[in-house]
Amino acid sequence: MPAIEVGRICVKLAGREAGEKCVIMEVIDDKFVEVVGTAVKNRRCNVKHLEPLEETMEVKSDDIEKIKKDFEAAVA
């Protein structure tokens with residue numbers, strides 16, 4: 001199973017955004033990460049609610065809009 005790390009692209013498994021792809025922006029602790037995606041709001045998420053994919057992308061800044069643009073390019 002791919003590691004939970006910054007830049008890892010995941011699919012949300014639970015909640016109203018289930019089935020949507022997102023990218024990990026920050027690892028908060030061993031249970032929570034901060035995610036963002038085109039259809040996923042920037043928020044804290046339990047790692048149990050994420051399915052990490054093989055794909056990764058580089059998260060270079062804290063600018064959420066820039067990360068969203070990079071994410072769209074990475075998954076397109």
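Since this is a predicted model, take the numbers as computed values, not measurements. Numbers here are sequence positions counted from 1.
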Kindly indicate whether the side chain of I9, heavy atoms from C-beta on, has any atom under 4.5 Å from the side chain of F71.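 In short, these two side chains touch, coming nearer than 4.5 Å.
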In the structure I gave you, are the side-chain heavy atoms of L50 and C45 within less than 4.5 Å of one another anywhere? yes
Starting from I67, can I reach I28 by hopping between I/L/V/M/F/W/Y residues whose side chains sit under 4.5 Å apart?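 I28 and I67: separate clusters.
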Are M57 and I64 in one and the same hydrophobic cluster, where Ile, Leu, Val, Met, Phe, Trp and Tyr link if side-chain heavy atoms are under 4.5 Å apart? yes
Any chance [atom1] of [X] has more than 12 other-residue heavy atoms, nucleotides or ligands included, within less than 6.0 Å?
X	atom1	value
R43	CZ	yes
D62	CG	no
E72	CD	yes

Restricting to non-hydrogen atoms, name the atom on [X] and the atom on [Y] that form the minimum distance, rounded to 0.1 Å.
X	Y	answer
E5	I24	O-CB, 3.4 Å
M25	V6	O-CG1, 3.6 Å
K68	G37	CE-O, 3.5 Å
P52	P2	CG-O, 3.6 Å

Sole candidate of K21, R16, K12 that passes side-chain contact (heavy atoms from CB on, under 4.5 Å) when paired with V40: K12
Let me confirm one number: the CG-CZ distance from D29 to R44, rounded to the nearest 0.5 Å.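 Going from the CG atom of D29 to the CZ atom of R44 covers 7.5 Å.
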Under 3.5 Å, is there a donor-acceptor pair between the side chain of R8 and the main chain of E54?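 Checking the backbone N and O of E54 against the side chain of R8, a donor-acceptor pair under 3.5 Å is found.
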Please check if the side chain of E55 supplies one atom and the backbone of V75 the other of a donor-acceptor pair under 3.5 Å.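 Not at all, since once roles are kept as given, no pair shorter than 3.5 Å links the two residues.
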Steps toward side chain to side chain contact (heavy atoms under 4.5 Å, CB included) verdict (F32, N46): CA-CA 5 Å; F32 290 96; N46 190 322; 4.1 Å; yes
